[in-house]
Student: 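Below you'll find the structure I mean.
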Amino acid sequence: MSKILILANSSSGLYDFRNELICALLEAGHEVVISLPDDVKNRELTEEGCRVIHTEINRRGVNPVQDLGLLREYIRLIRREKPDLVLSYTIKPNIYGGMACRLVHMPQIATVTGLGTTFERGGVLLKLIVAMYKVALKKCRCLFFQNEENAGKFASHGIRASKTVIVHGSGVNLKKHSAEDYPGHADDVTRFLYVGRIMKEKGMDEYLHAARTLHDRYGDRVSFAAVGYYDDDYETVISEAEKEGYLKRIPFQKDIHPYMKEADAIVHPSYHEGMSNVIMEAAACARPVCREMIDPDVSGYLVSPRDAEALIRALDRFMNLTEDERRAMGQAGRRYVEEHFDRQDVVSNYIREIEAIINGR
């Protein structure tokens, strides 16, 4: 029996988007050990048969002392556990986990789930991050990307691993996120929903501007909601929007499906994404999506990031669709994810690479 060590920065993210891979590893007889900084999904992971180890991570901060401490902790963890393979997800586990694997000669499979704001902003910090990635991933046995754009960005900066594989994001669980009948609200209110962290890089300023504008234009015929937790200093801004009546904020939810089910459309104004899980899940629920879309003008509307006026035009266009047109748009999204984004296809790609490394091929 082989031991797989997984390094991640969020138990919810790991469980919600990669649990099918974890279950496949357990079913194949592998021991799975998971390093996490929180315990939100520890009970579920433990009950499935995983062993969870707490490892503190400052997800967004840039503190050299803390980050060197994370590198040392990963080195100690790998030496103590002696896994046959390390899987890592997201920026810090990829970088510091990759460095640790390289130092102790441990095979690693890393996944780039997104580039983060540094690649967008550039400057000295980008040069530092690129240098760290080059060191960390040079000996990485397989580097997974969730879209061509991110893979191309890494290649343009000279960041390379032994092998690169591109998959369609994390895929979507088509059984969990089943197609839902279009809501057809009796009150004739069009409900727009945002799901994600409430922060600038997710397009929250543009979403709020669109919400205010369309609420002034349509009054009680339109409703805007945001589900998620504050990641920036938005608490005061959101509170004011709620008081003025053009936005409802819903705290972070473990199960987002019921909220998507009641929405007319999902709005995702993020500046940058690896491959948005929110978009795929919304399309799987047969809901149209505004902003970042799989099939533009067929299953949703695509607008440029940071363009609040373009977002308003797209939402206004959606407001003027008939219920049948909206339903058809959602059904088109469901068909598209069935054809291109089944999570089992993504899991099969990982299993193939994992078995090849463990079996020495």
Side-chain angles (χ1 to χ4, degrees), residues 2-9 18 21 33-35 55 57-59 62-167 272 274-275 346 349-361:
S2 299
K3 180 188 289 189
I4 311 294
L5 173 62
I6 299 177
L7 310 179
N9 73 350
R18 309 178 220 292
L21 173 59
V33 181
I34 305 175
S35 167
T55 304
I57 299 177
N58 183 348
R59 292 177 56 182
V62 182
N63 185 315
V65 175
Q66 285 183 337
D67 290 346
L68 284 174
L70 178 60
L71 174 59
R72 288 193 296 268
E73 186 60 32
Y74 278 154
I75 292 172
R76 286 195 290 266
L77 177 62
I78 294 170
R79 285 176 171 167
R80 183 175 69 246
E81 291 295 331
K82 297 180 174 60
D84 296 280
L85 175 66
V86 170
L87 303 183
S88 62
Y89 296 92
T90 69
I91 297 171
K92 289 194 176 183
N94 283 343
I95 290 177
Y96 296 107
M99 290 179 178
C101 286
R102 188 173 176 183
L103 287 169
V104 301
H105 306 288
M106 178 63 59
Q108 175 200 20
I109 291 177
T111 299
V112 176
T113 57
L115 299 181
T117 58
T118 302
F119 277 84
E120 181 183 350
R121 294 174 179 173
V124 176
L125 184 57
L126 174 59
K127 293 180 179 179
L128 175 61
I129 293 296
V130 166
M132 294 172 71
Y133 265 128
K134 286 181 177 180
V135 172
L137 299 179
K138 186 176 181 180
K139 298 294 184 180
C140 178
R141 296 288 292 275
C142 185
L143 180 59
F144 277 86
F145 290 95
Q146 299 195 334
N147 59 40
E148 296 276 359
E149 181 182 355
N150 287 358
K153 184 73 72 173
F154 264 50
S156 70
H157 286 285
I159 306 170
R160 295 182 177 85
S162 300
K163 180 178 182 179
T164 294
V165 175
I166 299 174
V167 292
H272 51 81
M275 181 67 76
V346 176
N349 277 280
Y350 276 90
I351 293 296
R352 183 163 50 249
E353 298 302 327
I354 289 168
E355 296 295 344
I357 293 172
I358 289 177
N359 295 329
R361 296 198 297 268

Student: Between the main-chain N or O of V135 and the side-chain N or O of R102, is there a donor-acceptor pair closer than 3.5 Å?
Tutor: yes
Student: Look up atom CD1 in I357 and atom CG in D84, then write down how far apart they are to the nearest 0.5 Å.
Tutor: 11.0 Å
Student: Nearest 0.5 angstrom please: E353 CD to L87 CG, how far?
Tutor: 11.5 Å
Student: Is the shortest side-chain heavy-atom distance between N58 and K92 below 4.5 Å?
Tutor: yes
Student: Give, for atom CG of N349 and atom CD1 of I166, the distance between the pair rounded to the nearest 0.5 Å.
Tutor: 11.0 Å
Student: Not counting sequence neighbours, which residues clear side-chain contact (heavy atoms from CB on, under 4.5 Å) with L103? List them please.
Tutor: I75
Student: Rounded to the nearest 0.5 Å, how far does CG of L115 lie from CG of N150?
Tutor: 3.5 Å
Student: Do you know the tightest heavy-atom contact between A8 and I57?
Tutor: O-CD1, 3.7 Å
Student: State which residues pass side-chain contact (heavy atoms from CB on, under 4.5 Å) with A110; sequence neighbours excluded, sorted by chain then number.
Tutor: S88, N94, Q108, L137, C140, L143
Student: Could you pull out the closest heavy-atom pair between M106 and I78, with the gap in Å?
Tutor: CE-CG2, 3.9 Å
Student: Salt bridge (charged side-chain N to carboxylate O under 4.0 Å, His left out) with K134: which residues, sequence neighbours excluded?
Tutor: none
Student: In Å, rounded to the nearest 0.5 Å, how long is the span from CZ of F144 to NZ of K163?
Tutor: 7.5 Å
Student: With sequence neighbours excluded, what pairs up with F145 under the ring pair (Phe, Tyr, Trp, His ring centres under 6.0 Å) test?
Tutor: F154
Student: Indicate the atoms forming the closest heavy-atom contact of H157 with F119, along with that distance.
Tutor: CD2-CE2, 3.8 Å
Student: Residues in side-chain contact (heavy atoms from CB on, under 4.5 Å) with E73, at least two apart?
Tutor: T55, R76
Student: Begin from the C-alpha positions of V33 and L77 and carry the test side chain to side chain contact (heavy atoms under 4.5 Å, CB included) through to its verdict.
Tutor: CA-CA 10 Å; V33 181; L77 177 62; 5.5 Å; no
Student: Heavy-atom distance under 4.5 Å between the side chains of I91 and T113, does that happen here?
Tutor: no
Student: Under the criterion side chain to side chain contact (heavy atoms under 4.5 Å, CB included), I'd like the reasoning laid out for Y74 against V86: C-alpha separation, chi angles, the key distance, then a yes or no.
Tutor: CA-CA 11 Å; Y74 278 154; V86 170; over 6 Å; no
Student: Please report the interatomic distance OG1(T90) to CG(L7), rounded to the nearest 0.5 Å.
Tutor: 9.0 Å
Student: Run V165 and Y350 through side chain to side chain contact (heavy atoms under 4.5 Å, CB included) and show every step you take.
Tutor: CA-CA 9 Å; V165 175; Y350 276 90; over 6 Å; no
Student: Just jot down the salt bridge (charged side-chain N to carboxylate O under 4.0 Å, His left out) partners of K3, sequence neighbours excluded, or say none.
Tutor: E81
Student: M132 and I95: which non-hydrogen atoms are nearest, and at how many Å?
Tutor: CE-CG2, 3.8 Å
